[in-house]
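Structure record follows, encoded as structure tokens.
Predicted, not measured: the structure shown is a model, and the values here were computed from it. What you see below is based on every heavy atom in this structure, not just the backbone, and it leaves out hydrogens, waters and symmetry mates.
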Amino acid sequence: MKSLTSNQIREIFLNFFREKGHTVVSSSSLVPSDDPTLLFANAGMNQFKDFFLGYKKPKYTTATTSQKCVRAGGKHNDLENVGYTARHHTFFEMLGNFSFGDYFKLDAIQYAWELLTERFQIPAEKLLVTVYHEDTEAYDIWKNVIKIPAEKIIKIADKSEKYISDNFWMMGDTGPCGPCSEIFYDHGADIPGGPPGSEDEDGDRFIEIWNLVFMQFNRNENGEMEALPKPSVDTGMGLERISAVLQSVHSNYEIDLFQNLIHDAAQALKCKDLSHSSLKVIADHIRSIAFLINDGVQPSNDGRGYVLRRILRRAIRHGYKLGATESFLMPILNSLAKNMQEAYPELLTNIKKIEKTTLQEEDKFFETIANGMSILEQEINLTKKNKSTMLSGSVAFKLHDTYGFPIDLTADICREHNITIDQAGFDQDMAEQKNKAKNASQFKAKDSIVIDIDPTKFLAYTHNEEFSTIESIILNNEPAVEVSANSTCNLVVKESPFYAESGGQVGDTGRIFNDQAEFVVHDTQKLPNGVILHIGELVRGQLKIKDPVLCQVDHIRRDSIKRNHSATHLLHKALKTILGDHVEQKGSLVNEFRTRFDFSHSSALSETEIQQVEQIVNNEILQNNPTSAEVMALDKAKKSGAMMLFGEKYDDEVRVLTIGNSKELCGGTHVNATGDIGLFKILNESGISSGVRRIEATTGVSLIQIIDKQNQLLNATAKELKTTKDDVAEKIKQVIDQVKTQEKTIAQLKQKITNASKNDLLDQIEVIDGTKVLSTNIDNMEIPQLRALIDDLKNNIGSGIIILATINQGKINIAVGVTKDITNQFHAGKIAGQLANMVGGNGGGKPDMAMAGGQNINDLPEALIKIKKLLNS
């Protein structure tokens with residue numbers, strides 16, 4: 001049997017079928033382009049589905065591929081098994097050969113046998129096959145043509161009903177289908193497991209390596225099997241499985257493809273245990289991550305993007321288990337791209353894009369995981385302490401709602417501890433939260449108000465104040481004839497200069513008054529029928545319907561809002577200029593203090609890009625070009641090139657606003673000329689969801705106030721540092737360098753103290769029942785020092801148990817180390833757990849290193865003595 005690399009196996013397979021007249025077809029994208037029934041490509045036949053169904057006629061009658069596949073969502077989901085079994089993967093390659101009405105069973109079986117026994121030189125006696133129990137044609141070919149002994153041809157029967165069998169393949173409830181013949185490799189009698197069809201078939205001795213599907217029937221709506229005029233062949237052989245066979249290993253994770261990644265992951269995480277299951281998870285997931293991003297999938301909260309995000313987060317979480325507290329996937333991605341560039345050169349071409357997307361998700365999730373993991377670990381320990389196997393649904397919901405910890409990740413971690421989640425409790429808390437949110441969203445009075453009067457005459461574009469009359473009064477959500485002082489209500493006037501909240505711009509404030517009464521407007525909203533609601537409080541006098549009033553907008557606030565809104569339009573255009581036409585508005589909020597603009601873009605803006613955007617906007621402001629607004633037909637607006645929001649529903653007539661080089665549909669209030677904005681500054685840029693960024697910026701008076709505040713802070717800092725404003729940065733650098741030097745000196749002194757105390761500790765070692773044991777308390781030592789000291793002491797004693805405790809800020813920290821030669825007798829995690837129970841805390845960890853903590857300081861001396869007795873028992 002040849003020993004071949006995975007790349008060589010793929011190449012030999014494709015070349016073999018090329019020699020047999022097959023067209024070598026490139027792998028299709030993992031994202032099916034025209035198949036809504038599939039989340040991802042999960043089999044080699046996916047891209048040929050229309051050929052088999054007869055919807056399309058292929059240019060060739062035979063084909064061969066190495067197809068990228070992902071099974072991590074929907075019907076085919078192997079995610080939870082990955083890393084814990086020998087052959088489950090999220091990403092894998094499926095080698096296949098296909099006949100579209102060309103050859104059939106005889107050639108398919110002969111090709112398979114020739115490739116396996118001659119090209120790959122697998123001994124024939126190591127192979128056995130299965131056939132559908134009624135497929136006498138395939139059985140005869142295997143027995144009489146291939147000459148396989150009858151005892152190695154296993155007939156697989158139906159299960160619950162006819163054609164429901166492991167050896168009968170169906171595309172769906174109707175359509176092409178047929179029997180299949182599977183080829184198995186026998187790893188040998190020393191491996192547990194029985195042949196296919198037996199009670200022990202799930203063992204690892206007999207491994208399926210190739211499935212030959214013979215599509216010879218069409219199943220109609222009545223369930224009847226009709227013979228296809230042109231029977232076809234669809235085969236699939238997992239590259240990872242055949243590689244394991246040819247490389248003489250029992251687990252797919254032992255093949256070259258995975259061993260390279262496992263070593264890279266171990267190096268990135270400084271993990272010495274290459275057999276750790278978390279390394280296998282990372283090695284598997286990194287492949288899905290790279291190929292999915294390369295095929296255009298972006299992390300998000302739904303659909304394919306959610307599956308990618310879940311795979312990414314699972315990989316990150318397993319890195320966290322191995323000690324990672326910051327991004328670590330980039331070097332593994334780079335190594336993967338280089339190792340697979342022979343078959344998939346596009347990975348290396350697009351590696352920067354793949355790394356950038358991954359890094360953003362890593363940084364984001366590490367912030368979440370730090371809080372969530374510590375809480376979840378405490379709750380798991382508490383659940384175990386209470387001898388329960390179910391985590392509280394309320395705890396799971398709190399992790400989800402407060403800390404952003406996904407429920408599926410909580411379930412994944414709990415599963416490793418044989419704990420389930422109280423799903424009913426989680427669902428109940430989720431439902432209560434939704435009800436609260438629903439009720440909160442109904443707070444505004446306008447949502448429950450119906451007023452059957454003519455629309456308000458809207459004057460906000462041209463007026464800051466206007467004489468009008470009271471048309472309607474809404475008091476306690478009911479119509480009223482009059483209202484008295486100190487009442488909160490809603491007023492409707494005949495003509496209003498107030499702008500009602502719309503398009504991201506907040507509603508105006510101000511007052512509505514006459515000689516006898518004054519109403520303070522806190523907000524302005526618009527009903528669907530065009531009636532404008534002035535929401536506020538009557539602070540003096542009495543108002544009744546038909547009273548004449550003066551409506552007066554807070555024009556200072558209005559002017560600030562106008563400056564920010566006009567700047568938003570210039571910002572939108574500038575972002576398109578600097579970042580590209582893919583930039584689309586995803587939301588906005590404009591008030592008197594700032595503008596908040598959400599837009600589509602996959603990565604954070606660099607400092608240079610931010611400066612370029614600011615420069616474009618401020619250049620427009622300096623040109624002081626007049627603004628203009630024109631109401632026109634929607635079609636005309638489209639032809640004029642005005643920007644429109646994707647998916648927004650517009651009226652037949654729209655308002656087109658031109659500000660500088662920006663032309664956009666907008667119903668808001670704006671400055672008369674760009675110079676009125678004064679000055680523009682971006683305050684913050686951040687990501688709010690996958691592929692959506694947010695910019696917060698301000699203008700005018702608010703910006704002047706911010707500049708003044710920053711200047712005062714700079715002056716105070718310069719004074720404190722005894723330097724000038726111009727030299728503050730350099731002075732801060734000097735202080736930081738000085739602190740670093742002092743910290744280094746402190747660390748060196750601590751190490752000297754530790755080294756000095758090491759000899760004293762070695763003198764305290766006892767031999768208990770033949771095992772060296774050190775159990776003692778050390779004053780004022782930090783956790784990293786404890787762990788480092790234990791590693792150092794292990795090297796000194798060679799074999800034994802070391803327990804070091806310290807008290808810091810009123811809390812007990814305990815580190816437990818067990819040398820690897822005796823971890824089969826003594827488990828550091830269990831020892832830590834016992835100590836934690838004695839001092840009122842939690843503890844646990846790995847067999848060779850574990851931590852515990854507690855509150856009961858007075859119990860510590862007795863606990864350190866008592867644990868030695870327990871070790872002896």
Side-chain angles (χ1 to χ4, degrees), residues 17 22 42-46 48-49 51-54 61-64 75-76 94-116 127-185 195-198 201 206-238 241:
F17 283 103
H22 292 58
N42 57 28
M45 61 79 62
N46 289 161
F48 305 121
K49 187 174 178 180
F51 298 164
F52 289 125
L53 290 170
T61 57
T62 60
T64 183
K75 178 181 177 182
H76 298 287
M94 186 65 80
L95 305 171
N97 58 288
F98 307 90
S99 165
F100 313 112
D102 190 288
Y103 62 83
F104 199 45
K105 294 181 185 178
L106 177 61
D107 287 338
I109 289 173
Q110 287 181 318
Y111 290 156
W113 195 254
E114 180 184 346
L115 177 63
L116 292 176
L127 301 173
L128 58 82
V129 299
T130 61
V131 297
Y132 182 57
H133 69 114
E134 292 184 358
D135 188 2
T136 56
E137 182 183 2
Y139 182 89
D140 289 341
I141 293 170
W142 284 117
K143 184 174 183 294
N144 301 320
V145 179
I146 305 301
K147 305 296 185 183
I148 289 185
E151 64 270 17
K152 288 200 171 185
I153 309 172
I154 301 171
K155 295 180 179 180
I156 302 297
D158 295 317
K159 295 180 180 178
S160 56
E161 57 184 273
K162 194 170 180 62
Y163 304 124
I164 304 299
S165 167
D166 290 338
N167 277 64
F168 196 92
W169 183 89
M170 288 186 280
M171 188 176 288
D173 293 335
T174 60
C177 57
C180 61
S181 186
E182 297 177 323
I183 305 174
F184 287 75
Y185 179 80
S198 69
E201 66 178 356
F206 296 92
I207 301 302
E208 177 204 336
I209 57 174
W210 205 344
N211 187 13
L212 315 178
V213 176
F214 309 122
M215 289 190 222
Q216 65 186 96
F217 302 111
N218 179 64
R219 188 173 190 174
N220 63 27
E221 294 178 354
N222 297 323
E224 298 165 341
M225 296 292 179
E226 303 166 344
L228 289 172
K230 290 186 176 182
S232 300
V233 172
D234 159 26
T235 82
M237 174 162 61
R241 288 197 179 192

Step by step, would you call Ile209 with Leu127 a side chain to side chain contact (heavy atoms under 4.5 Å, CB included)?
CA-CA 10 Å; Ile209 57 174; Leu127 301 173; 4.1 Å; yes
Begin with the C-alpha distance, continue with both residues' side-chain angles, and end with the deciding distance and a verdict on side chain to side chain contact (heavy atoms under 4.5 Å, CB included) for Met45 and Trp169.
CA-CA 12 Å; Met45 61 79 62; Trp169 183 89; 4.1 Å; yes
Spacing of Ser181 atom OG and Asn211 atom CG [to the nearest 0.5 Å]:
8.0 Å
Kindly write out the residues that satisfy side-chain contact (heavy atoms from CB on, under 4.5 Å) with Thr130, not counting sequence neighbours, or none if the list is empty.
Ile154, Ile156, Asn167, Glu182, Phe184, Pro196
For Met94 against Gly238, the heavy-atom pair lying closest together
SD-N, 3.7 Å
For the pair Glu208 and Arg241, evaluate side chain to side chain contact (heavy atoms under 4.5 Å, CB included) and give the outcome as yes or no after the intermediate values.
CA-CA 8 Å; Glu208 177 204 336; Arg241 288 197 179 192; 4.0 Å; yes
Find out whether Gln216 and Pro179 are in side-chain contact, i.e. whether some heavy atom of one side chain is under 4.5 Å from a heavy atom of the other.
yes
Sequence neighbours left out, what passes salt bridge (charged side-chain N to carboxylate O under 4.0 Å, His left out) with Asp166? Give chain and number order.
Lys159
Asp102 and Ser99 have their tightest heavy-atom pair at N-OG, 3.0 Å
Within the structure provided, determine whether Leu116 and Met237 are in side-chain contact (heavy-atom separation under 4.5 Å).
yes
Taking the side chain as everything from C-beta on, heavy atoms only, tell me whether Ser232 gets closer than 4.5 Å to Phe98.
no
How far apart are the C-alpha atoms of Phe214 and Tyr132, what are their side-chain angles, what is the distance that settles it, and do they pass the ring pair (Phe, Tyr, Trp, His ring centres under 6.0 Å) test?
CA-CA 11 Å; Phe214 309 122; Tyr132 182 57; over 10 Å; no
Rounded distance [0.5 Å steps], NE2 in His22 versus OG1 in Thr61:
8.5 Å
What I'd like to find out is whether the side chain of Lys162 reaches to under 4.5 Å of the side chain of Met225, using heavy atoms alone.
no
When the ring planes of Phe100 and Phe51 are compared, do they come out parallel, tilted or perpendicular, using 30° and 60° as the limits?
perpendicular
Value rounded to 0.5 Å, distance of CG in Leu228 from CE in Met215:
9.0 Å
Minimal non-hydrogen separation, Leu106 against Val145, with atom names:
CD1-CG1, 4.1 Å
Those residues at least two apart in sequence (or on a different chain) that pass ring pair (Phe, Tyr, Trp, His ring centres under 6.0 Å) with Phe217 are none
Is it true that a side-chain atom of Thr235 and a backbone atom of Asn97 form a donor plus acceptor pair closer than 3.5 Å?
yes
Hey, is the main chain of Tyr163 close enough, under 3.5 Å, to the side chain of Asp158 for a donor-acceptor pair?
yes
Quick one, Lys152 and Val129 - any side-chain contact, counting heavy atoms below 4.5 Å?
no
Would you confirm whether Lys143, through its side chain, and Asp140, through its main-chain N or O, come within 3.5 Å as a donor-acceptor pair?
no
If every non-hydrogen atom of Tyr103 is compared with every non-hydrogen atom of Val233, which pair is closest and at what distance?
O-CG2, 3.8 Å
In this structure, CG of Leu95 is separated from CZ of Phe17 (nearest 0.5 Å) by 9.5 Å
Partners passing side-chain contact (heavy atoms from CB on, under 4.5 Å) against Lys155 (at least two apart in sequence or in another chain):
Val131, His133, Tyr139
Kindly indicate whether the side chain of Ile183, heavy atoms from C-beta on, has any atom under 4.5 Å from the side chain of Trp142.
yes
Looking at Ala108 and Leu212, what are the two nearest heavy atoms and their distance?
O-CD1, 4.1 Å
Look only at the side chain of Asn220 and the backbone of Asn222, and say whether a donor-acceptor pair between them is shorter than 3.5 Å.
yes
The salt bridge (charged side-chain N to carboxylate O under 4.0 Å, His left out) partners of Glu137 (sequence neighbours excluded) come to Lys105
With sequence neighbours left out, the residues meeting ring pair (Phe, Tyr, Trp, His ring centres under 6.0 Å) with Trp210 are Phe13
Between the CG atom in Asn218 and the SG atom in Cys177, the distance rounded to the nearest 0.5 Å is 7.0 Å
